[in-house]
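Okay, so here's the structure we're looking at.
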Amino acid sequence: EPEVTQTPSHQVTQMGQEVILRCVPISNHLYFYWYRQILGQKVEFLVSFYNNEISEKSEIFDDQFSVERPDGSNFTLKIRSTKLEDSAMYFCAGGTTGGELFFGEGSRLTVL
Amino acid sequence: QKEVEQNSGPLSVPEGAIASLNCTYSDRVSQSFFWYRQYSGKSPELIMSIYSNGDKEDGRFTAQLNKASQYVSLLIRDSQPSDSATYLCAVNRNTGFQKLVFGTGTRLLVSP
């Protein structure tokens with residue numbers, strides 16, 4: 001069964017460094033998302049991406065964040081200058097027009 | 001008022017019993033409703049989706065939706081220790097871009 005794959009599974013970085021999280025969505029998915037989950041808290045929407053552009057973003061998704069789909073398959077989330085409060089699990093998800101979202105295994109980001 | 005509310009639990013049930021998980025949402029125009037299961041340290045896994053008022057059954061799981069009361073529930077029959085996890089209710093206000101809003105989740109503990 002196809003699945004959403006994410007890399008890296010865990011990244012440790014210093015505050016102020018740039019981080020790129022990568023995702024390979026399921027091929028027939030049309031909509032792509034990044035969510036994050038701070039330890040012990042709820043899953044929060046960051047951004048949705050459709051037809052090679054951002055369709056919606058949350059207030060969390062400020063100028064430090066960006067998303068790209070550089071080669072038509074990979075889907076990336078970049079954090080330009082990480083802060084301590086960016087430490088979280090970041091989930092990539094994909095879906096079709098049916099409404100159901102399928103999540104990758106997540107990338108754990110630890111900012112020191 | 002929170003967009004999606006769930007009792008954080010834990011909800012403790014003995015093996016073989018019925019577990020009943022509840023969720024309320026604030027946005028009346030919400031159209032799509034989902035239950036995800038999340039094991040500790042893992043990503044959300046889709047269990048059920050429901051779009052119309054009434055019940056929807058899938059194996060041991062039954063989702064119930066009452067849009068007038070803005071209420072969604074999940075029943076798990078014949079609960080197993082392997083069902084012990086956090087159950088996340090997620091709501092989407094339209095059927096276009098699938099931005100899901102998650103509740104904080106209810107932790108379910110099934111004792112042998």
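Values in this document were obtained by computation on a predicted structure and should not be read as measured data. Proteins come first, then strands; the chains are lettered A, B, ... in the order of their sequence lines, and each starts at number 1.
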- Query: Using a heavy-atom distance cut-off of less than 4.5 Å, which residues of residues 103-112 of chain A contact chain B?
  - Reply: A/F103, A/G104, A/E105
- Message: Going by the rule salt bridge (charged side-chain N to carboxylate O under 4.0 Å, His left out), which residues pair with B/D27 if we only count those two or more places apart in sequence or in a different chain?
- Response: B/R93
- Considering only NZ, NE, NH1 and NH2 on the basic side and carboxylate oxygens on the acidic side, decide whether B/E3 and A/K42 come within less than 4.0 Å. no
- Item | Lys/Arg N to Asp/Glu carboxylate O, A/R80 vs A/E18, below 4.0 Å | no
- Check the hydrophobic clustering (I, L, V, M, F, W, Y; side-chain heavy atoms under 4.5 Å; chains of links allowed) and say if A/Y35 and A/Y50 are grouped together. yes
- Query: For B/E45, is it the side chain, the backbone, both, or neither that has a heavy atom closer than 4.5 Å to a heavy atom of chain A?
  - Reply: neither
- Item | More than 12 heavy atoms from other groups under 6.0 Å of NZ on A/K83 | yes
- Task: Please state whether the rings of A/F32 and A/F75 are parallel, tilted or perpendicular, taking 30° and 60° as the class boundaries.
- Result: tilted
- Parallel, tilted or perpendicular for B/F102 and B/Y36, by the 30°/60° rule? tilted
- Does any heavy atom of chain B fall under 4.5 Å from the side chain of A/Q37, the backbone, both, or neither of them? side chain
- Name, in order of residue number, those residues of residues 82-90 of chain B that have a heavy atom at a distance of less than 4.5 Å from a heavy atom in chain A; otherwise write 'none'. B/L88
- Taking it one step at a time, do A/E100 and B/S49 satisfy side-chain hydrogen bond (donor to acceptor under 3.5 Å, both in side chains)? CA-CA 7 Å; A/E100 298 171 338; B/S49 57; 2.8 Å; yes
- Less than 4.5 Å apart, any side-chain heavy atom of A/F45 and any of A/I60? no
- Item | Residues forming a side chain to side chain contact (heavy atoms under 4.5 Å, CB included) with B/V13, sequence neighbours excluded | B/L11, B/A17, B/A19, B/S79, B/L108, B/V110
